[in-house]
Chemist: 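Before I ask anything, here is the structure I am working with.
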Number of protein chains: 2
Amino acid sequence: MSLLENLNWRHAVKAYDPTKKVSSEDLNSILEAARLAPTSSGLQPFRIIVVENQELKEQMVKGALNPEVMRDSSHVLVFAAWDSYSPEKIDKVYDMHTDVRDLPRGRFNSYTDQLKNIYGSQTPEQHFAHTARQTYISLGLAMAQAAELKIDSTPAEGFSNDVVDEILGLKELGLKSVTLLYLGYRDAEKDWLSTMKKVRLPMEEFIINK
Amino acid sequence: MSLLENLNWRHAVKAYDPTKKVSSEDLNSILEAARLAPTSSGLQPFRIIVVENQELKEQMVKGALNPEVMRDSSHVLVFAAWDSYSPEKIDKVYDMHTDVRDLPRGRFNSYTDQLKNIYGSQTPEQHFAHTARQTYISLGLAMAQAAELKIDSTPAEGFSNDVVDEILGLKELGLKSVTLLYLGYRDAEKDWLSTMKKVRLPMEEFIINK
């Protein structure tokens with residue numbers, strides 16, 4: 001099916017069947033879409049933590065708005081962004097770029113110098129505001145790929161970042177949780193949203209032509 | 001082609017052929033993907049301004065990092081987010097939800113009251129940090145749809161928000177620009193990135209299994 005058909009098919013599922021698991025093959029292709037997401041300057045300033053372990057999920061639901069949705073999902077993807085940029089992190093990414101492309105290291109120095117100047121004048125709070133935004137591109141593409149596979153997903157911001165960061169040890173990794181994506185298969189009887197029409201602003205209100 | 005094939009095909013094009021225009025049919029399907037993007041609580045707290053007019057583009061390039069890319073693109077999509085949440089805006093969206101679903105208005109009052117409480121305790125700066133994030137989901141899906149149509153696109157954060165907001169009169173609409181998406185057809189000779197390998201972190205570094 002086309003992307004538009006898949007986007008019309010999906011919705012934020014409100015109840016999962018806890019007995020149905022996403023296969024590792026399908027999970028990998030969802031993660032692949034997330035990995036291919038473009039990011040600002042190609043820095044990919046975030047990581048995805050994959051949580052399948054039920055005990056970990058039980059700990060992570062503390063403070064979540066819809067604990068049963070997280071609990072009954074097959075997998076929880078935690079999108080966690082860099083807490084800050086640094087010259088070292090930028091160099092590491094661009095060393096990878098030049099290595100993969102068989103270019104001499106330093107080939108992009110004038111560009112990375114620019115980046116280092118920009119981020120060097122900003123606070124870690126400004127850095128995280130920027131890294132966090134990038135995760136949403138990846139989140140959206142992961143949902144689109146799940147929909148292509150007819151796997152349900154639920155994006156979630158309603159959880160305790162402190163709880164999740166602590167349980168997953170994200171601080172030590174220089175990461176902070178931004179969003180969660182629950183994956184699994186809906187329990188159609190309990191998922192009240194399954195029977196409701198998708199609602200979006202009409203195109204003429206959503207778009208402003210200039 | 002599949003979403004993964006499309007994501008592998010696309011890259012942030014660095015030079016457009018100014019003589020090639022995206023058809024209105026294709027443009028509409030890209031906007032449709034953007035419109036279908038899920039957003040926090042379904043509020044769709046942003047709009048897309050479509051700029052095709054060359055004079056407007058010439059004004060908007062002031063302060064842009066890659067002015068010629070914007071200038072030579074076929075269309076510029078400006079993703080502009082609400083400068084703040086308000087009870088009125090939330091009610092307007094949920095009135096639409098109940099109307100479209102043939103439910104009594106007020107059916108979601110307990111939920112919207114929660115939202116009003118949360119946003120009521122936050123500053124406009126916190127609101128915009130949140131509305132801006134939502135635009136990135138839509139940006140990603142618009143790029144994916146463009147790629148499905150083999151239309152090139154370039155996401156851009158490197159432009160003057162003040163210039164763009166002023167020229168498009170966004171403040172009066174309660175909007176602030178977040179990102180741009182240039183659409184068009186590449187000039188393969190000038191687009192140095194066309195011949196380079198796509199670089200992404202290896203899966204084993206991007207993913208953390210728990």
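All chains are named by letter (A, B, ...) in the order of the sequence lines, taking the proteins before the strands, and each is independently numbered beginning at 1.
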Chemist: Can you measure from CG (B/Leu149) to CE (B/Met1) and round to the nearest 0.5 angstrom?
Modeler: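 Rounded to the nearest 0.5 Å, the CG-CE separation comes to 11.0 Å.
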Chemist: Most heavy-atom pairs under 4.5 angstrom with chain A, which of B/Pro38, B/Ala80, B/Pro155?
Modeler: B/Pro38
Chemist: Go through A/Thr135, A/Leu36, A/Leu77 and name the one with the most non-hydrogen pairs under 4.5 angstrom from chain B.
Modeler: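 Ranked by heavy-atom pairs under 4.5 Å with chain B, first place is A/Leu36.
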Chemist: Under 4.5 Å, counting heavy-atom pairs only, tell me which of A/Val178, A/Leu139, A/Ile207, A/Thr39 racks up the most with chain B.
Modeler: A/Ile207
Chemist: For A/His11, which atoms come within 4.5 Å of any heavy atom of chain B: side chain, backbone, both, or neither?
Modeler: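 When you check distances to chain B, no heavy atom of A/His11 falls under 4.5 Å.
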Chemist: What part of B/Leu168 gets closer than 4.5 Å to chain A, counting heavy atoms only: side chain, backbone, both or neither?
Modeler: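 Answer is both: backbone and side chain atoms of B/Leu168 are under 4.5 Å from chain A.
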Chemist: Taking every non-hydrogen pair under 4.5 Å, which of B/Gly42, B/Ser138, B/Gly158, B/Ala37 racks up the most with chain A?
Modeler: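 Of the options given, most contacts go to B/Ala37.
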Chemist: So for A/Leu65, is it side chain, backbone, both, or neither that comes closer than 4.5 Å to the heavy atoms of chain B?
Modeler: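 Interface part for A/Leu65: side chain.
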Chemist: Which is it for B/Ile208 and A/Val50 under the side-chain contact (heavy atoms from CB on, under 4.5 Å) test, yes or no, and what are the steps along the way?
Modeler: CA-CA 6 Å; B/Ile208 300 168; A/Val50 180; over 6 Å; no
Chemist: Quick one: of B/Lys198, B/Glu52, B/Gln134, who has the most non-hydrogen atom pairs under 4.5 Å with chain A?
Modeler: B/Gln134
Chemist: Does the side-chain contact (heavy atoms from CB on, under 4.5 Å) test come out yes or no for A/Gln59 and A/Val163, once each step is laid out?
Modeler: CA-CA 8 Å; A/Gln59 293 175 275; A/Val163 165; 6.0 Å; no
Chemist: Picking from B/Asn209, B/Leu201, B/Ile137, which has the most non-hydrogen pairs under 4.5 angstrom with chain A?
Modeler: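 Among the listed options, the one with the most contacts to chain A is B/Leu201.
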Chemist: Report the distance from atom CD of A/Glu55 to atom CE of A/Met60, rounding to the nearest 0.5 Å.
Modeler: 13.5 Å
Chemist: Where does B/Arg35 contact chain A at under 4.5 Å (heavy atoms): side chain, backbone, both or neither?
Modeler: both
Chemist: Of the backbone (N, CA, C, O) and the side chain (C-beta and beyond), which part of A/Ser29 lies under 4.5 Å from a heavy atom of chain B, both, or neither?
Modeler: both
Chemist: Any sub-3.5 Å donor-acceptor pair from A/His127's side-chain atoms to A/Tyr119's backbone N or O?
Modeler: yes
Chemist: Using non-hydrogen atoms only, which part of B/Asn28 is less than 4.5 Å away from chain A: side chain, backbone, both, or neither?
Modeler: backbone
Chemist: Where does A/Ala34 contact chain B at under 4.5 Å (heavy atoms): side chain, backbone, both or neither?
Modeler: both
Chemist: Under 4.5 Å from any heavy atom of chain B, what part of A/Leu170 do you find: side chain, backbone, both or neither?
Modeler: neither
Chemist: Side chain, backbone, both or neither: which part of A/Gln145 has an atom under 4.5 Å from a heavy atom of chain B?
Modeler: both
Chemist: With a 4.5 angstrom heavy-atom cut-off, could you sort out which part of A/Ser2 is near chain B: side chain, backbone, both or neither?
Modeler: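 Its backbone and side chain both get close to chain B.
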Chemist: Working to the nearest 0.5 angstrom, can you tell me the gap between A/Leu115 CG and A/Leu43 CG?
Modeler: 6.0 Å
Chemist: When only pairs under 4.5 Å are counted, which of A/Arg200, A/Lys197, A/Lys210 shares the most heavy-atom pairs with chain B?
Modeler: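 Of the candidates given, the most pairs with chain B belong to A/Arg200.
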Chemist: Measure B/Lys92 against the heavy atoms of chain A and call it side chain, backbone, both or neither at under 4.5 Å.
Modeler: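 When you check distances to chain A, only side chain atoms of B/Lys92 fall under 4.5 Å.
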Chemist: Give a yes or no on whether a salt bridge exists between A/Asp165 and A/Lys176, defined as a side-chain N under 4.0 angstrom from a carboxylate O.
Modeler: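 Answer for the salt bridge query: no.
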Chemist: What part of A/Ala144 gets within 4.5 angstrom of chain B, counting heavy atoms only: side chain, backbone, both, or neither?
Modeler: both
Chemist: Determine, stepwise, if the pair B/Phe128 / B/Arg133 fulfils side-chain contact (heavy atoms from CB on, under 4.5 Å).
Modeler: CA-CA 8 Å; B/Phe128 179 67; B/Arg133 288 179 175 193; over 6 Å; no
Chemist: At a 4.5 Å cut-off on heavy atoms, which part of B/Glu205 comes close to chain A: side chain, backbone, both, or neither?
Modeler: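 When you check distances to chain A, atoms from both the backbone and side chain of B/Glu205 fall under 4.5 Å.
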Chemist: Can you tell me which of A/Asn8, A/Leu56, A/Leu31 forms the most heavy-atom pairs within a distance under 4.5 Å of chain B?
Modeler: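 So the answer, after comparing A/Asn8, A/Leu56, A/Leu31, is A/Leu31.
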Chemist: Please evaluate residues A/Tyr85 and A/His130 with respect to the criterion side chain to side chain donor-acceptor pair (under 3.5 Å), reporting the C-alpha separation (whole Å), side-chain torsions for both, the decisive distance (0.1 Å), and the verdict.
Modeler: CA-CA 10 Å; A/Tyr85 288 110; A/His130 189 249; 2.8 Å; yes
Chemist: Does the separation of the ring centres of A/Phe79 and A/Tyr136 fall below 6.0 angstrom?
Modeler: no
Chemist: B/Asp83 and salt bridge (Lys or Arg N to Asp or Glu O under 4.0 Å): which single residue from B/Lys89, B/Arg47, B/Lys171 fits?
Modeler: B/Lys89
Chemist: With no hydrogens and no angle check, is any side-chain donor or acceptor of B/Asp152 less than 3.5 Å from a backbone partner on B/Arg186?
Modeler: yes
Chemist: Heavy-atom distances under 4.5 Å only: say whether A/Ile48 touches chain B with side chain, backbone, both or neither.
Modeler: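 Contact with chain B is through both the backbone and side chain of A/Ile48.
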Chemist: Relative to chain B, which segment of A/Glu148 carries a heavy atom at a distance below 4.5 Å: side chain, backbone, both, or neither?
Modeler: side chain
Chemist: Does any heavy atom of chain B fall under 4.5 Å from the side chain of A/Met143, the backbone, both, or neither of them?
Modeler: side chain
Chemist: Would you check, one step at a time, whether the test side-chain contact (heavy atoms from CB on, under 4.5 Å) holds for A/Leu103 with B/Met196?
Modeler: CA-CA 10 Å; A/Leu103 296 168; B/Met196 289 212 185; 3.9 Å; yes
Chemist: When the ring planes of A/Trp192 and B/Phe108 are compared, do they come out parallel, tilted or perpendicular, using 30° and 60° as the limits?
Modeler: tilted
